[in-house]
Chemist: 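What follows is a single structure, and I will ask about it in a moment.
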Amino acid sequence: MSEPSYAGGVLGHHRPGEAERLVLLEATCDPTSAALIDRLPLPRDAVCAVVGAGNGGLVQHLADRFPGGRVTATDIDTGFLLARSWPRHVSVVRHDVTTGELSAGAYDLVHARAVLTHLPHPERLVVRLARWLRPGSGRLVVEDPTYAHLDTGGPAAFTTLLRGCADLLQRVQGTDHTWAERSPAALRAAGLVDVTVDRRTAVVGDDPMEDAYWRSCFARAAPELIARGVLSAAQLARGVACLDRPGFRHPTWTVVSCSARRPDGARGGQR
């Protein structure tokens with residue numbers, strides 16, 4: 001049996017509907033990410049790297065925020081990024097964070113959202129990302145989701161659907177659903193300081209955009225859920241039908257957002 005991989009899993013960019021899912025993900029998550037970054041004391045000419053940049057929503061925010069800086073957008077598959085037009089201070093780089101390096105000590109900001117949770121040995125990857133930060137001032141922002149609300153009540157049909165999707169990601173994508181809650185400790189272990197932690201819980205039934213995102217996720221996962229025997233077609237239909245109930249509200253995931261600074265003299269973490 002082959003090892004799970006990001007590019008070959010259910011989140012691969014080659015999958016039908018993935019572009020739409022990424023657009024909706026950015027619509028629901030970019031405001032929180034942008035607000036966190038905007039609170040950081042970054043220079044006006046900040047040099048930034050977005051790891052796993054996807055469709056480029058956050059790249060556009062950084063390009064607008066730092067017109068005198070530089071933004072490097074990286075992804076293992078840059079097709080969606082290259083389909084867009086970018087200003088001259090944005091560069092797109094095909095890059096696998098599990099094997100590739102960027103310039104050590106060169107970045108004022110390194111950002112990775114919904115990336116490390118899907119990759120093996122995320123603690124080691126934090127050490128790698130920390131090496132790229134400018135000593136004394138460079139900031140690392142790591143954001144990842146956790147399905148923390150699977151056993152908090154609500155309709156069994158919907159929690160069964162969420163649990164099935166979480167199981168599918170673990171099987172096919174290699175997702176580590178415990179990583180998000182470990183991430184603050186990993187930043188500290190990498191030698192970073194001034195660690196902050198924020199949490200945002202997504203709730204379906206509150207926001208049409210949030211609902212659209214989760215409908216997209218369920219539609220994308222449906223063939224694999226059924227083919228792999230994770231859920232039956234009937235279980236899937238009952239879970240999705242909950243979204244059509246008047247007044248239905250239920251938490252889905254919590255995104256844990258961490259930021260930290262590389263101190264002066266730090267080597268970018270322990271090995």
Side-chain angles (χ1 to χ4, degrees), residues 10-11 15 17-39 54-55 57-58 61 113-115 117-118 141-173 175-184 196-226 228 230-258:
V10 292
L11 303 180
R15 297 268 183 162
E18 179 61 5
E20 177 194 13
R21 188 192 71 86
L22 286 175
V23 169
L24 291 168
L25 175 68
E26 291 172 351
T28 57
C29 291
D30 276 4
T32 299
S33 299
L36 189 161
I37 291 169
D38 290 349
R39 293 196 302 266
N55 194 55
L58 196 61
H61 173 78
R113 184 182 67 206
V115 175
T117 189
H118 301 302
V141 175
V142 172
E143 304 183 88
D144 280 296
T146 177
Y147 289 89
H149 304 280
L150 294 182
D151 299 305
T152 57
F158 193 72
T159 56
T160 295
L161 175 57
L162 286 178
R163 190 174 289 108
C165 290
D167 183 46
L168 180 69
L169 285 171
Q170 185 174 0
R171 292 191 198 184
V172 179
Q173 204 70 47
T175 302
D176 181 351
H177 296 298
T178 70
W179 158 248
E181 294 296 348
R182 302 200 317 269
S183 58
T196 68
V197 184
D198 295 291
R199 290 175 171 83
R200 182 188 74 88
T201 298
V203 178
V204 290
D206 276 351
D207 179 356
M209 191 64 70
E210 198 77 56
D211 293 358
Y213 171 70
W214 286 98
R215 287 182 186 276
S216 174
C217 289
F218 298 148
R220 293 264 288 99
E224 290 280 352
L225 286 168
I226 296 170
R228 293 175 180 270
V230 179
L231 294 177
S232 68
Q235 287 175 309
L236 179 66
R238 284 195 294 269
V240 173
C242 291
L243 295 172
D244 296 320
R245 295 182 187 176
F248 176 74
R249 295 178 72 259
H250 197 281
T252 51
W253 65 14
T254 293
V255 178
V256 181
S257 301
C258 303

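Keep in mind the model is a prediction, meaning the values are calculated, not measured.
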Chemist: Does the side chain of S33 reach to within under 4.5 Å of the side chain of H61, using non-hydrogen atoms?
Modeler: no
Chemist: Can you find a heavy atom in the side chain of F158 that is under 4.5 Å from one in the side chain of V204?
Modeler: yes
Chemist: Under the 3.5 angstrom rule, does the side chain of H177 hit a backbone N or O of A166 as a donor-acceptor pair?
Modeler: yes
Chemist: Does the side chain of R200 come within less than 4.5 Å of L36's, by heavy atoms?
Modeler: no
Chemist: Measuring from atom CH2 of W253 to atom SG of C217, what distance do you get when rounded to the nearest 0.5 angstrom?
Modeler: 6.0 Å
Chemist: Is the backbone of A114 close enough, under 3.5 Å, to the side chain of T117 for a donor and an acceptor to pair up by distance?
Modeler: no
Chemist: Backbone N or O of G57 within a donor-acceptor pair of the N55 side chain at under 3.5 Å?
Modeler: no
Chemist: Looking only at non-hydrogen atoms, find the nearest pair between P251 and L162 and report the distance.
Modeler: O-CD1, 3.8 Å
Chemist: Keeping the roles fixed (side chain from T28, backbone from L24), state whether a donor-acceptor pair exists under 3.5 Å.
Modeler: yes
Chemist: Is the shortest side-chain N to carboxylate O distance from D211 to R215 below 4.0 Å?
Modeler: no
Chemist: Hey, could you give me the CZ/CG distance between R238 and L231, rounded to the nearest 0.5 Å?
Modeler: 9.5 Å
Chemist: Is there a side-chain contact between V255 and T32, using heavy atoms and a 4.5 Å cut-off?
Modeler: no
Chemist: So do E210 and V203 actually touch side chain to side chain, heavy atoms under 4.5 Å?
Modeler: no
Chemist: side-chain contact (heavy atoms from CB on, under 4.5 Å), that's the test. Do V141 and S257 meet it? Break it down for me.
Modeler: CA-CA 7 Å; V141 175; S257 301; 5.6 Å; no
Chemist: Assess whether a salt bridge exists between E26 and R113, defined as any Lys/Arg side-chain N lying under 4.0 Å from an Asp/Glu carboxylate O.
Modeler: no
Chemist: With side-chain contact (heavy atoms from CB on, under 4.5 Å) as the test, would you mind laying out the steps for S183 and D144 before giving the verdict?
Modeler: CA-CA 8 Å; S183 58; D144 280 296; 5.6 Å; no
Chemist: Roughly how far, to the nearest 0.5 Å, is the CD atom of E181 from the SG atom of C258?
Modeler: 8.5 Å
Chemist: Spell out, as yes or no, whether a donor-acceptor pair under 3.5 Å connects the side chain of T254 to the backbone of R199.
Modeler: no
Chemist: If you look at every heavy atom in L236 and A222, which pair is closest and at what distance?
Modeler: CD2-CB, 3.3 Å
Chemist: Does W214 have its ring centroid less than 6.0 Å away from the ring centroid of F248?
Modeler: no
Chemist: Would you indicate whether the side-chain heavy atoms of R39 and T196 approach each other to under 4.5 Å?
Modeler: no
Chemist: Say you draw a straight line from OH of Y147 to CG of L169; how long is it, rounded to the nearest 0.5 Å?
Modeler: 5.0 Å
